[in-house]
Amino acid sequence: MTIAVIDYGMGNLHSVAKALEHVTHEKVIITRDSRCIKGATRLVLPGQGAIRDCMGELERLDLRGLVEDVLARQGKPLLGVCVGQQMLLEHSAESGGVTCLGTFKGEVRRFPDGMRDHNNARLKVPHMGWNLVDQRGDHPLWEGIDSHEHFYFVHSYYVEAAEEADVLGSTRYGHINAHVAIGHESTFAVQFHPEKSSRAGLKLLENFVTWSP
Amino acid sequence: MTLAKRIIPCLDVDAGRVVKGVNFIGIRDAGDPVEIAQRYNQQGADEITFLDITASHEGRDTTVDMVERIAGEVFIPLTVGGGIRSCDDIRTMLNVGADKVAINTAAITHPTFVREAAERFGSQCIVVALDAKRVSGDDEEPRWEIFTHGGRRETGLDAVAWAQQMVDYGAGELLLTSMDQDGTREGFDLGLTRAVAEAVGVPVIASGGVGTLDHMVDGVLKGGADAVLAASIFHFGEYSIPETKRYMAERSVEMRL
């Protein structure tokens, strides 16, 4: 029983590994070794920084096929986090347009500049801080977490899924309704950082490590 | 609009102990950083900033150890600043569990370091700390410049222009401290906060001068800050974080309660 955090060189994997270790006695490994990834019972696909670099590194390290295989077969629980969620869509508008893994139909778009709040203060991009997540439907990963709970976000691009059925949670920023949790069968992916979202985030990770889809 | 304004307790740490100075001089001991961070986390702090003010090299190892211990216990964002001068320093801090680093002096002596750091680690983890002082007279159009060395050394850099340049270079967030107000407990420099917050598209954390809960409210509503940072009012138990958040929420500041 191992949980593998896929290390393709993009971003800070220690936080997510530490948070997982906090909620489970199962072994948590940070790895880019294909055998370890294939042998793991659960996978976490993190991601930070530019999506073009994330996709590029995944390919360069020969991990893209492996991840696509897991996503195509389903059955093995996979949690995407931040850019790890965005990469599951078909396409991102970042850096002039990047083709992504296409597990979910839809697009990754940039928050528009110039949005303002009710105090007429600038709404900053990145969308950074704690915002409310409205859950859609019951999902085992939401168990014990209230709908309309705060989670921690840092991102400039957001997911707009094309299939209503894939959307499991949304967050409002300005006039944008971002699809911050999407899922299908054994895949669940979130824009926010559960590893940095205090009690609610740890609960979601705990639900993930015990999830049998 | 549901994005909450953040309350960030700041731990100024010298050789492994939390201290808080008045204008960085006259330091009082406030305790163990790991215990304090845990307490703030339990109370609902939105983020924690750890500023290493240790001068010695031996002290730096203590800092790395402290950051690692905090990150293993506290699952909210953790920013580490003080002595971040190279990509290796950043890598070290991220490896032990920091989420962001705050770059201060090195951004001034070597501005392209900010660009290099943002390209390598992503803007989301690069905070640039600005220490500003008002340089205009009372009857002049207000103007602020960047100072270093605890406000003692001038750089001649205009604070607003510098803030914009740092964002162009890839800073994902700005930690803005008024060196005039820091340690006075008379409130933020709201003019400075507003000027910078309006000039840049990234979040601005207001710092320096908090003495009352109204100061925190003003930092957001009048200063336009996205987050407010305070040290002594929390460390010495004058106000708790839940009390601060309730007070601000009652005054229509969006809070994570």
Side-chain angles (χ1 to χ4, degrees), chain A residues 10-23 47-50 53-54 82-83 111 113-134 148-156 171-175 193-202 205, chain B residues 1-8 41-42 44-47 68 71-78 90-91 93-100 118-125 127 167 172-174 194 197-205 220-227 252-257:
Chain A
M10 293 305 292
N12 185 356
L13 313 173
H14 297 268
S15 294
V16 71
K18 278 189 171 180
L20 285 164
E21 280 165 358
H22 198 80
V23 298
Q48 261 181 1
D53 296 342
C54 288
C82 196
V83 181
F111 284 116
D113 284 319
M115 295 195 295
R116 295 205 164 247
D117 70 6
H118 56 273
N119 267 324
N120 202 33
R122 272 176 91 154
L123 287 184
K124 304 301 177 80
V125 180
H127 170 231
M128 182 189 284
W130 298 80
N131 206 338
L132 298 166
V133 174
D134 287 312
H148 222 57
E149 176 64 87
H150 281 99
F151 285 87
Y152 185 78
F153 291 86
V154 189
H155 61 128
S156 300
T171 289
R172 199 149 187 98
Y173 190 47
H175 63 272
H193 289 272
E195 75 280 12
K196 287 291 145 187
S197 296
S198 200
R199 258 179 306 236
L202 291 176
L205 292 177
Chain B
M1 234 304 276
T2 45
L3 180 67
K5 300 296 177 182
R6 288 169 282 153
I7 304 296
I8 308 178
N41 176 43
Q42 280 156 10
D46 296 311
E47 204 165 314
E68 183 160 30
E73 297 290 330
V74 169
F75 298 99
I76 56 176
L78 174 63
I90 299 176
R91 175 47 66 203
M93 289 306 173
L94 298 181
N95 277 350
V96 295
D99 299 289
K100 314 182 209 178
E119 277 169 9
R120 182 141 158 217
F121 302 103
S123 291
Q124 81 288 337
C125 66
V127 181
V167 173
E173 189 172 33
L174 301 176
R194 187 100 223 167
E198 276 296 316
V200 298
V202 303
V204 172
I205 305 166
V220 172
L221 296 184
K222 296 184 185 160
D226 301 280
S252 318
V253 180
E254 203 74 52
M255 284 282 124
R256 175 177 75 105
L257 293 171

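Throughout, a chain's letter reflects where its sequence line sits, starting with A, and its residues are numbered from 1. Just so we're clear, the structure is a prediction, and the values are computed from it rather than from any experiment.
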Open item on the list: Quick one, B:F121 and A:Q48 - any side-chain contact, counting heavy atoms below 4.5 Å?
Closed with: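 Of all side-chain heavy-atom pairs linking A:Q48 with B:F121, none is under 4.5 Å.
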- [ ] Indicate yes or no: at least one non-hydrogen side-chain atom of B:D226 is less than 4.5 angstrom from one of A:M128.
- [x]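 They are not in contact (no side-chain heavy atoms under 4.5 Å apart), so the answer is no.
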Below 4.5 Å, heavy-atom pairs only: which of [options] has the largest tally toward chain A?
options                : value
B:N41, B:N95, B:V74    : B:N95
B:G201, B:G122, B:A227 : B:G201
B:G224, B:A197, B:C125 : B:A197

Open item on the list: Holding to side chain to side chain donor-acceptor pair (under 3.5 Å), I want the full list of residues that pass it with A:K196, two or more places apart in sequence or in another chain.
Closed with: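 Expected list: B:D99.
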Backbone N/O of [Y] and side chain of [X]: donor-acceptor pair under 3.5 Å:
X      : Y      : answer
A:K124 : B:P203 : no
A:K18  : B:F75  : no
B:R256 : A:W130 : no

Open item on the list: Under 4.5 Å from any heavy atom of chain A, what part of B:K100 do you find: side chain, backbone, both or neither?
Closed with: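 Looking at B:K100, just its side chain touches chain A.
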Task: Contacting moiety of B:E198, where chain A heavy atoms sit under 4.5 Å - done: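 Looking at B:E198, backbone and side chain both touch chain A.
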- [ ] Write down the atom of A:H22, the atom of B:G72, and the distance for their closest heavy-atom approach.
- [x]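 So the minimum-distance heavy-atom pair works out to ND1-O, 4.0 Å.
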Open item on the list: Quick check for you: among A:S15, A:S198, A:G201, which has the greatest number of heavy-atom pairs under 4.5 Å with chain B?
Closed with: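 Between A:S15, A:S198, A:G201, the count favours A:S198.
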Open item on the list: Quick one, B:Q124 with A:H155, criterion side chain to side chain contact (heavy atoms under 4.5 Å, CB included). Give me CA distance, side-chain angles, the key distance, then yes/no.
Closed with: CA-CA 8 Å; B:Q124 81 288 337; A:H155 61 128; over 6 Å; no
- [ ] With rounding to the nearest 0.5 Å, note down the distance linking CG in B:L3 to CG in A:N131.
- [x]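 Here the rounded value is 5.0 Å.
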Task: Separation of B:T2 OG1 from A:D117 CG (nearest 0.5 Å) - done: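 One finds 11.0 Å between CG of A:D117 and OG1 of B:T2.
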TODO: Examine whether an atom of A:H127 lies under 4.5 Å from a heavy atom of chain B, and if so say whether it belongs to the side chain, the backbone or both; otherwise answer neither.
DONE: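 Side chain only.
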Open item on the list: Between B:E254 and A:R172, does any side-chain N to carboxylate O distance fall below 4.0 Å?
Closed with: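 Looking at B:E254 and A:R172, the cut-off is not met.
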Task: Derivation and outcome, side chain to side chain contact (heavy atoms under 4.5 Å, CB included), residues A:H14 and B:L94 - done: CA-CA 8 Å; A:H14 297 268; B:L94 298 181; over 6 Å; no
